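Step one of this worksheet: look at the structure below.
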Amino acid sequence: MLDDVTTKRLRWRAHHRGTKEADRLIGGFFDAHHEGWSAEEQALFETMLEEQDVDIMAWAIGTQAVPERYQGAMMTAMQRLDYLPIDR
């Protein structure tokens, strides 16, 4: 479980990526999944936030191969895209 300061910092970084699409994908993923993360998962997400948005989005939608360091349960959950609301 994340402490309050870490949660606020990661939430801000996940939701302020530079494009609306990245904000929704990465921020939406954080909102849906961060509460159950271990310290290792939190560290992995924090490391992933250092990557380029276009790369993270490409990994999530399957247009680019996921680097080995990010392969696993977190990326599998991100690739489901079930945490994104669909505007109609």
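Scope of the values below: all heavy atoms of this structure, side chains included, with no hydrogens, waters or symmetry mates. All residue numbers in this chain count up from 1 along the given sequence. Please read all numbers here as calculations on a predicted model, not as lab measurements.
Shortest non-hydrogen contact noted between Glu41 and Trp37 is OE1-CA, 3.2 Å. Nearest heavy atom pair, residue Tyr83 against residue Ala32, reads CB-CB, 3.6 Å.
Side-chain contact between Arg24 and His15 is absent, with no heavy atoms from C-beta onward closer than 4.5 Å. The shortest distance between side-chain heavy atoms of Arg80 and Thr76 falls below 4.5 Å. In this structure, the side chains of Met74 and Phe29 come closer than 4.5 Å at one or more pairs of heavy atoms. Using a 4.5 Å heavy-atom threshold, the side chains of Arg13 and Glu50 count as touching. In this structure the side chain of Gln79 reaches within 4.5 angstrom of the side chain of Val66, judged on heavy atoms.
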Show me the donor-acceptor pairs, under 3.5 Å and distance only, between side chains in residues 52-63 and residues at least two apart or in other chains.
from  : atom 1 : to    : atom 2 : distance (Å)
Asp53 : OD1    : Arg17 : NE     : 2.7
Asp53 : OD1    : Arg17 : NH2    : 2.7
Trp59 : NE1    : Ala65 : O      : 3.3

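Residues meeting the side chain to side chain donor-acceptor pair (under 3.5 Å) test with Glu68, sequence neighbours left out: none.
In this structure, CE in Met78 is found 6.0 Å from CD1 in Ile26, a value given to the nearest 0.5 Å.
Classification of the His34-Phe30 ring pair by plane angle, with boundaries at 30° and 60°, yields parallel.
In the hydrophobic clustering of ILVMFWY residues, with side-chain heavy atoms under 4.5 Å counting as a link, Trp12 and Leu10 come out apart.
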